Amino acid sequence: MSSVRRYLLLASAALGVVAEPYNTFDGPGFPACRDVAAVYNVTSVDEMVSIVKDAAANGYPVRPSGKGHMWYDTMCQDDPRTVIIRTENTNGISDFSLEPGAESGSVVIEAGVTFLQLAEYLHENGASMGYTLVNWNISMAGAVAMGAHRSSIREESMVAAGVLSLDIINGNGDIVTVERDETNDDWLAASTSLGLLGVIARMKFKIYPDFKVFAKQDIYDEDEVLNGDIYGMIAPYATANFWWWPYLKKFHHRYYDEIPETLSDQEGFQSTFSVTDLEAAAAITILNSGKYLETSNELIETIFFGLWSAPNFHEKTTDQTIYTWPVYGWNYDVLIGGLYPGQKPEWEYGLRGETLELAFPMTRANDMLKRVRKFFDDEKKEKGITMTSTYRSGINIKFGKPYFDLLGQVTYDTSDGADWSKGAIMFDFPHFKPSIGDGKPYNADFYPRLAKVLIDEFPCRPHWTKNTREVFGNATKNIDPDHLARFKAVREKFDPSGTFKSVVGEILGLYD
Ligand SMILES: Cc1cc2nc3c(=O)[nH]c(=O)nc-3n(C[C@H](O)[C@H](O)[C@H](O)COP(=O)(O)OP(=O)(O)OC[C@H]3O[C@@H](n4cnc5c(N)ncnc54)[C@H](O)[C@@H]3O)c2cc1C
Ligand SMILES: *[C@@H]1O[C@H](CO)[C@@H](O)[C@H](O)[C@H]1NC(C)=O
Ligand SMILES: *[C@@H]1O[C@H](CO)[C@@H](O)[C@H](O)[C@H]1NC(C)=O
Ligand SMILES: *[C@@H]1O[C@H](CO)[C@@H](O)[C@H](O)[C@H]1NC(C)=O
């Protein structure tokens, strides 16, 4: 008997018996799914197909998972019979094609291929994935499913924008190939599918010749951004973003663009999440005390701001710290990088967070940031509470070029009448989750209250893996009903019995 069969019999026999949470990257206490019957580490697309066929025959739910790099309990539906297909070990890369002198080419990747893995493979072959990438050790299929994106107004930065075609295992266990075609609702739904059409088993992905970039960072007073030409500070660059320090009233402005290969021999390598034992121990002590003491939060923001002003880059060849901007290096190393040798990502030290991310029309960028500022000021005025950023890189303000599909954060021509044609500004507010007491952040209800104000006062769209159920519930009114109806029709075709249902899909009304 094959291991798949044996496992499936086991899973079926165990239905309703051993349900336990399936956790996010943050581990125990951070469920992505509240109760699942089994997690299966598949090693081939065929295995995925047989699990889905068995699920279809026996009526239990399935969700695929890459690396669990999401924040809340919104991956599955709340059904303890749920089976997780873990894609990490199905990670073949094939059909590399990039002709000498060609502007672009393509490569075929399986569901579990991560950005780090593909970037390394491409670099070795003189290629890159351009700007259609996100931060970290995340599966590309998981990123495409949830509409993930980098920060860019000038260049395509939805990961889905790099997809040429998708192989989806539908609710019957059949593999359906969906080609990029903006006139076809199947494609427009598959482009940001929320995993509701089925398992993205393979993708044909667009690639480019490898290239070098610079990274540079400036510091602004808050006023200069809140009242400034935000579009003009972001749109000229291949990729750019802000980090906001609300206590210090400062912004970091980070921007990147292509350079001639011969400009510099530097091989800068970025790390956003690496920390040393010493740094982690210091940070966690101050951050945990900030659960009760406002002054600790002010101190940590000041420390983080100082650290974040220097380049978070090492020279790749020697692992030496780089002290001066601009930094130069190869595309992926500079745009994303990874972990420094001998260091661990912050969450492995118990530095954990909650977040909240919403996208607004670029035309409302100044209004939105000023509204947030007013919310901070009102908290001070009305309650005497100073709120700060308790995340090592501040509040992340990102941007997105318009990209049309049904449920993406940067789509346009929607019934809200808002002008999304200049792109979107995203407000991503990660904050420290203490590991002491009740585990709630300082003044914890500040964040949902802020979310409510933004959702009620602006046209805005949630990031699909960085918000709570409650935020999704409230934000649904801002999603175009016609897009939802068209998506639902495709969903019913691909997955008529709702095998792949998630709480996000339920909240959006796609199963009513
Ligand atoms: C440290 C960190 C950095 C991040 N940086 C960014 C960023 O820069 N930009 C951004 O937009 N987002 C970012 N994210 C969010 C991240 O891109 C998404 O949460 C992404 O979906 C995670 O992919 P994963 O492979 O870990 O999937 P999981 O977390 O395992 O799954 C996420 C969702 O995708 C579904 N899914 C996974 N694989 C498949 C598949 N093969 N087919 C269909 N559905 C699937 C799952 O069922 C689940 O609903 C970040 C998250 C973290 C934790
Ligand atoms: C699946 O892989 C994960 C990560 O490597 C591991 O923690 C887990 O124990 C594996 N599960 C099984 C059933 O092998
Ligand atoms: C990415 O994930 C893989 C598998 O879980 C792990 O072996 C690797 O160390 C990770 N890489 C980084 C940079 O975290
Ligand atoms: C969602 O809406 C309800 C009802 O208006 C409100 O009580 C709640 O605070 C809102 N939550 C968020 C996070 O917006």
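Everything quoted here is computed from the prediction, not taken from an experiment. Each ligand, and each atom within it, is numbered from 1 in the order the structure gives. Residue numbers start at 1 and run along the sequence shown. Just so it is clear, the values below take in all heavy atoms, side chains as well, and ignore hydrogens, waters and symmetry mates.
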For this session: Output the list of atoms in ligand 1 that are nearer than 4.0 Å to some heavy atom of Phe273, sorted by atom number.
Result: 1 (C)
For this session: Heavy-atom distances under 4.0 Å are what count here, so tell me which part of Trp464 touches ligand 1: side chain, backbone, both or neither.
Result: neither
Problem set entry | Proximal ligand 3 atoms for Trp136, defined as those under 4.0 Å from one of its heavy atoms | 14 (O)
Problem set entry | Stacked cation flag Lys501 on Tyr511, 6.0 angstrom / 45 deg | yes
Exercise. Is Trp136 close to ligand 1, meaning an N/O of one under 3.5 Å from an N/O of the other?
Worked result: no
For this session: Taking atom types as modelled, find out whether Asp428 and Thr355 have a side-chain donor-acceptor pair closer than 3.5 angstrom.
Result: yes
Problem set entry | Closest approach of Tyr349 to Ala280 (non-hydrogen atoms, all atoms of both residues) | CG-CB, 3.3 Å
For this session: Locate the shortest heavy-atom distance separating Trp308 from Asn312; write the atom from each residue and the value.
Result: CH2-ND2, 3.4 Å
Exercise. Does an N or O from Leu194, backbone or side chain, lie closer than 3.5 Å to an N or O of ligand 1?
Worked result: no
Seminar exercise, completed: In ligand 3, the atoms that come under 4.0 Å of a heavy atom of Leu116 are 11 (N), 12 (C), 13 (C)
Problem set entry | Contact (N/O only, under 3.5 Å) between His149 and ligand 1 | yes
Exercise. Closest non-hydrogen protein atom to atom 6 (C) of ligand 4, residue and atom name please, with distance?
Worked result: Lys452 CD, 3.9 Å
Exercise. Distance under 6.0 Å and angle within 45° of the ring axis: does Arg461 meet both against Trp420?
Worked result: yes
Exercise. Quick one: nearest non-hydrogen protein atom to atom 3 (C) of ligand 4, plus distance?
Worked result: Asn474 ND2, 3.7 Å
Exercise. Is atom 9 (O) of ligand 3 close to the protein, meaning a heavy atom under 4.0 Å from it?
Worked result: no
Exercise. For Arg150, is the nearest heavy atom under 4.0 Å from an atom of ligand 1?
Worked result: no
For this session: With heavy atoms only and a cut-off of under 4.0 Å, state how Ala145 meets ligand 1: side chain, backbone, both or neither.
Result: side chain
Exercise. Under 4.0 Å between a Lys/Arg side-chain N and an Asp/Glu carboxylate O for Asp512 and Lys488?
Worked result: no
For this session: Flag Thr74 as yes when one of its N or O atoms lies below 3.5 Å from any N or O atom of ligand 1, and as no otherwise.
Result: no
Exercise. Just which atoms of ligand 3 are under 4.0 Å from any heavy atom in Lys67?
Worked result: 1 (C), 2 (O), 3 (C), 4 (C), 5 (O)
Exercise. Of Phe446, Phe429, Tyr447, which meets ring pair (Phe, Tyr, Trp, His ring centres under 6.0 Å) against Phe375?
Worked result: Phe446
For this session: Provide the number and element of each atom of ligand 1 under 4.0 Å from a heavy atom of Met70.
Result: 19 (O), 29 (O), 32 (C)
Exercise. When you measure from atom 30 (O) of ligand 1 to every protein heavy atom, which one gives the shortest distance, and what is it?
Worked result: Ser65 OG, 2.6 Å
Problem set entry | Exercise: identify the closest heavy-atom pair between Asp333 and Gly268 | CB-O, 3.3 Å
Problem set entry | Polar contact flag for Gly142 and ligand 1 (N/O pairs, less than 3.5 Å) | yes
Exercise. What atoms of ligand 1 come within less than 4.0 Å of a heavy atom belonging to Pro64?
Worked result: 35 (C), 36 (N), 37 (C), 39 (C), 40 (C), 42 (N), 43 (C), 44 (N), 45 (C), 46 (C), 47 (O)
For this session: Only one of Leu508, Leu484, Leu197 passes side-chain contact (heavy atoms from CB on, under 4.5 Å) with Arg491; say which it is.
Result: Leu197
Exercise. Considering only heavy atoms of Val471, which atoms of ligand 4 have at least one such atom less than 4.0 Å away?
Worked result: 13 (C)
For this session: Tell me whether the guanidinium CZ or amine NZ of Arg150 lies under 6.0 angstrom from the six-membered ring centre of Tyr256 and within 45° of its axis.
Result: yes
Problem set entry | Short side-chain donor-acceptor distance under 3.5 Å, Asn89 and Thr43 | no
Exercise. Taking atom 41 (N) of ligand 1 as the point of reference, which of Ile200, Ile85, Val504, Asp428 owns the nearest heavy atom?
Worked result: Ile200
For this session: Run the contact test for Ser193 against ligand 1 with a 4.0 Å cut-off on heavy atoms, strictly below, and give the result.
Result: no
Exercise. Is Thr114 touching ligand 3 with its side chain, its backbone, both, or neither, if touching means heavy atoms under 4.0 Å apart?
Worked result: neither
Exercise. Heavy-atom contact under 4.0 Å between Ser502 and ligand 1?
Worked result: no
For this session: May I ask whether atom 14 (O) of ligand 4 is less than 4.0 Å from at least one protein heavy atom?
Result: yes
Exercise. Out of Leu197, Val503, Asn135, Thr272, who gets a non-hydrogen atom closest to atom 3 (C) of ligand 1?
Worked result: Asn135
For this session: Could you tell me the separation between the CH2 atom of Trp136 and the CD1 atom of Ile336, rounded to the nearest 0.5 Å?
Result: 9.5 Å
For this session: Could you check which of Glu346, Arg63, Met146, Arg202 puts a non-hydrogen atom nearest to atom 33 (C) of ligand 1?
Result: Met146
Exercise. Got an N/O contact under 3.5 Å between Trp347 and ligand 1?
Worked result: no
For this session: Would you mind listing which atoms of ligand 1 come within a distance below 4.0 Å of any non-hydrogen atom of Ala141?
Result: 41 (N)
Exercise. Can we say Lys374 and Asp378 salt-bridge, meaning some charged N sits less than 4.0 Å from an Asp/Glu carboxylate O?
Worked result: yes
For this session: Report yes or no: does a heavy atom of Arg86 sit under 4.0 Å from some atom of ligand 1?
Result: no
Problem set entry | Sub-4.0 Å protein heavy atom near atom 1 (C) of ligand 4 | yes
Seminar exercise, completed: When rounded to the nearest 0.5 Å, the distance separating CZ of Phe251 from CG of Leu369 is 5.0 Å
For this session: Determine, for Arg486 against Asp405, whether the closest basic-nitrogen to carboxylate-oxygen distance falls under 4.0 angstrom.
Result: no
Problem set entry | Trp71 N/O under 3.5 Å from ligand 1 N/O | no
For this session: Can you see which heavy atom on Ala119 is nearest to which on Met129, and at what distance?
Result: N-CE, 3.6 Å
Problem set entry | ligand 3 atoms in contact with Asn137 (distance to a heavy atom under 4.0 Å) | 1 (C), 2 (O), 3 (C), 8 (C), 10 (C), 11 (N), 12 (C), 14 (O)
Exercise. In Å, rounded to the nearest 0.5 Å, how long is the span from CG of Asp185 to NE2 of His483?
Worked result: 9.0 Å
Problem set entry | Least distance between heavy atoms, Leu351 atom then Leu287 atom | CD2-CD1, 3.5 Å
Exercise. Going by the atom numbers of ligand 1, which of them fall below 4.0 Å from some non-hydrogen atom of Phe25?
Worked result: 53 (C)
For this session: Compute the shortest N/O to N/O distance between Gly147 and ligand 1 and return yes if it is under 3.5 Å, no if not.
Result: no
